Amino acid sequence: MDKKVHELLNAQINKEFYSAYLYLDFSNYFKAKSLDGFANWYMVQAQEERDHAILFYTYLQNEDMPVTLDAIAKPDKVFSCNMDVLKAGLEHEKYVTSLINEIYGAAYDVRDFRTMQFLDWFVKEQGEEETNANDLISKMELFGSDPKSLYMLNQELAARVYAAPSLVL
Ligand code: FEO
């Protein structure tokens, strides 16, 4: 495997674990505010991010490439309102999309078609994650300021259940 592609894939393990850590922090924020549905939604998100990390980890192992695990950074955002959290989530997903695109570009440059095929799932997944984050912001804009509506939205988000990723390596 190309050195740069390998480095970026290995770094992505850490980025995905950081994403899990970040969303765990979001979940913790909402739990402290007794918005358990929002807390659940981000807990499921954190579980999905952990899965993403393991997919990168497993892909490198399957390719017989070394895996180096690095320290996971501290989530250090301070939020002044619920909407801040949701917007930080969207911004973070846009950043992750840029990381996936960067790895894809590096693989493309060296005609690493296997890595490109592996990353195809993540390209689609990032589209879905940005849509989900956007939808959440739209709903919050519409309903977040009315306590009864916020209660209903919280109930809706409580229904999100974890599902294993559709990509199996
Ligand atoms: Fe692993 Fe939210 O992308």
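Values below: all heavy atoms of this structure, side chains included; hydrogens, waters and symmetry mates excluded. Just so you know, these numbers come straight off a predicted model, no measurement behind them. Counting starts at 1 for both ligands and their atoms, in listed order.
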**Message:** Against F17, only a single residue in Q12, R50, E49 fulfils side chain to side chain contact (heavy atoms under 4.5 Å, CB included); can you say which?
**Reply:** R50
**Asked** Can you count the protein N, O or S atoms that lie less than 2.8 Å from atom 1 (Fe) of ligand 1?
**Response** 3
**Item:** Polar contact flag, side-chain donor to acceptor under 3.5 angstrom, S27-W41
**Value:** no
**Prompt:** Can you name the residues that form a side-chain contact (heavy atoms from CB on, under 4.5 Å) with M65, not counting sequence neighbours?
**Reply:** M1, H6, L60, E63
**Request:** Quick one: pull up CG in L150 and CE in M140 and give me the separation to the nearest 0.5 Å.
**Result:** 5.5 Å
**Message:** For the OH atom of Y104 and the CE atom of M116, what is their distance to the nearest 0.5 Å?
**Reply:** 4.0 Å
**Request:** Indicate, with yes or no, if F79 and Y21 share a hydrophobic cluster defined by side-chain heavy-atom contacts under 4.5 Å among Ile, Leu, Val, Met, Phe, Trp and Tyr.
**Result:** yes
